[in-house]
Protein chains: 2
Amino acid sequence: MSSKPFSSVWLREPRKSAAAPGRSREEIVAAAVKLLDEEGLQGLSMRKLGARLGAGATSLYWYVANKDELLELAYDQVWGEVVVPDPDEVGWRDAVSALAYGMRETILRHPWSADLIGRLPALGPNSMRVGDRIRRIFKAAGFQGLDVDFCGNTLTAYVFGMTIPEIAWLSSMGEEDIEQMRDAVRMAASAHPEMLESVDTLAGGDPGTVRRMSFDFGLVSLLDGLERRRAS
Amino acid sequence: MSSKPFSSVWLREPRKSAAAPGRSREEIVAAAVKLLDEEGLQGLSMRKLGARLGAGATSLYWYVANKDELLELAYDQVWGEVVVPDPDEVGWRDAVSALAYGMRETILRHPWSADLIGRLPALGPNSMRVGDRIRRIFKAAGFQGLDVDFCGNTLTAYVFGMTIPEIAWLSSMGEEDIEQMRDAVRMAASAHPEMLESVDTLAGGDPGTVRRMSFDFGLVSLLDGLERRRAS
DNA sequence: ACCTGAACACCGTTCAAGT
DNA sequence: ACCTGAACACCGTTCAAGT
């Protein structure tokens, strides 16, 4: 196990900028997000980002302690895009659903963020805002004490666990490799009739639609299960 | 988006070895798993692994096309450790629970595997075996057609989504940084009373126990939800 | 059939030096 | 206060050459 000491950008005071700073953290983070959206996590290097900003390779280290801090900043930016519903206006089930779909769509819009889930501390203001909202929704639903946290953990686990492989599926191949990939799975599954059956069943529908159906199936099941807990 | 063409070790014929090969794929994969267990994903480099095997830095490329293929092999090895219950003997709810806990424990035993989930194709025989078992269990429970896949997706999503952050929590810090880390969260959450409350509620119990309770809470809820679907 | 070392094109990060 | 370039210690991978 590696076990490095814990650290995060959000625990350090940012540098105080002078009157007219050439660059700013915001500018750097925005450029990083843009580069990540365009070229993925692998496409981001400190040198490349520096070059894009017309700066020397290592200038960024003035604004940011290291690459991980930059990624923390970019990651929190993504969480800022998640639409958080107001639980007082729509019943808790609808609020949870909206939030789950919102999280999913945001991650799909920034596929590189899926690679960061759980690998980087999520202590930024936007992450906190989403976490806060999740708690409020479940409290408003009537959950208490530890159960409020457990509900939140369960929901985010489901959304993350469902979305991460979705991203992998989408990005590991182009558009028309689909049939080629299905053949691959068929071959890998040749020893297991059940699995083969699965491939063929799924091959019928449009992949995007099937994924959405799958997401909805699990989400509804989860909500049903939570509702049962709440009632008891 | 990066979108490289899809490829996997499991789709290529391995090299045929002569009578007395100096090294073998099995030996290399075993050494890789050992190194990964000891030093984590970051700790594995082709050079370091080569050195451990008493080989030149680049000898491994004879047995494996690239590092990703090596990781695919190591990853599937991990899936081989998952205990898969027989659904004919224990009822579907118990079978699903056992499998979920089995997956969780296996991942916790090899924390680096969590970083690979969804980032690498899982087409190896051991992954397939687990996938097959999951399908069989849900079929035996009475699910049909697409629902069988949806149940499986939901279950694995939950286990992955719950376990990935668990790993992060465990590996991002040592044993006694816990209180320091809690302070960090408290500070980050200072704008959100709900979140603060959460930190304090959770601070009471032993972290490992609380995590297990959380896992169980979500799992039971999920099973309840699926049961409801099955009945209707 | 298997292994080697040198070489290529990269990385993140540090740091003394500049303005 | 901010930026630079050179340098360090790494990477994964290719490939001609060896046995």
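Every chain is numbered from 1 and lettered A, B, ... according to where its sequence line falls, protein lines coming before strand lines. Nothing here was measured: the structure is a model prediction, and the numbers come from that model.
- Counting only residues at least two apart or in different chains, salt bridge (charged side-chain N to carboxylate O under 4.0 Å, His left out) contacts with residues 108-121 of chain B comprise B:E81-B:R109.
- As rounded to whole Å, 13 Å separates atom P of D:dT13 from atom CG of B:L49.
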Short heteroatom pairs, N/O only, protein and nucleotides 4-6 of chain C, under 3.5 Å:
| residue | atom | partner | partner atom | Å |
| --- | --- | --- | --- | --- |
| C:dT4 | OP2 | B:G56 | N | 2.4 |
| C:dT4 | OP2 | B:S59 | OG | 2.4 |
| C:dG5 | O6 | B:T58 | OG1 | 2.6 |

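- For C:dC3, the OP1/OP2 oxygens have no side-chain nitrogen or oxygen of B:W62 closer than 4.0 Å.
- Applying side-chain contact (heavy atoms from CB on, under 4.5 Å) to B:S113 and the options B:L36, B:V78, B:L108, B:T106 leaves one that passes, B:V78.
- Atom CZ in A:R25 sits roughly 14 Å away from atom P in D:dC3 (whole-Å rounding).
- The distance between atom CD1 of A:I28 and atom P of D:dC2, rounded to the nearest whole Å, is 11 Å.
- Of the inter-residue distances, the one linking A:L116 atom CG with A:L71 atom CG reads 5.5 Å to the nearest 0.5 angstrom.
- Open room surrounds NZ on B:K34; 12 or fewer heavy atoms of other groups in view lie less than 6.0 Å from it.
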Note, DNA chain C 5' to 3' with Watson-Crick or G-U pairs under 3.5 Å encoded as ( ), [ ], | and . gives ||.|||||...|||||.||
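- Ion pairing of B:K48 with B:E38 is absent here, as no side-chain N (NZ or NE/NH1/NH2) approaches a carboxylate O to less than 4.0 Å.
- Atom CG of residue B:L202 and atom CG of residue A:D149 lie 4.0 Å apart, to the nearest 0.5 angstrom.
- When the ring pair (Phe, Tyr, Trp, His ring centres under 6.0 Å) test is applied to A:F217, the partners found at least two apart in sequence or on another chain are B:F150.
- Between the OH atom of B:Y63 and the P atom of D:dT13 there is a distance of 18 Å, rounded to whole Å.
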Look for any protein N or O under 3.5 Å of an N or O in nucleotides 9-12 of chain D and output each such pair with its distance, or none.
| residue | atom | partner | partner atom | Å |
| --- | --- | --- | --- | --- |
| D:dC11 | N3 | B:R47 | NH2 | 3.4 |
| D:dC11 | N4 | B:R47 | NH2 | 3.3 |
| D:dG12 | OP1 | B:K67 | NZ | 2.7 |
| D:dG12 | OP2 | B:M46 | N | 3.1 |
| D:dG12 | N7 | B:R47 | NH2 | 2.5 |
| D:dG12 | O6 | B:R47 | NH2 | 2.5 |

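- Checked against salt bridge (charged side-chain N to carboxylate O under 4.0 Å, His left out), B:R186 has the following partners two or more places apart in sequence or in another chain: B:E179, B:D183, B:D200.
- A distance of 8.0 Å separates CD1 of B:I167 from CD1 of B:I117, quoted to the nearest 0.5 Å.
- Between B:E166 and B:R212, no side-chain nitrogen of the basic residue sits less than 4.0 Å from a carboxylate oxygen of the acidic one, so the salt-bridge criterion is not met.
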Quick one: do A:R182 and A:V199 satisfy side chain to side chain contact (heavy atoms under 4.5 Å, CB included)? Show the steps, please.
CA-CA 7 Å; A:R182 266 204 263 268; A:V199 178; 4.2 Å; yes
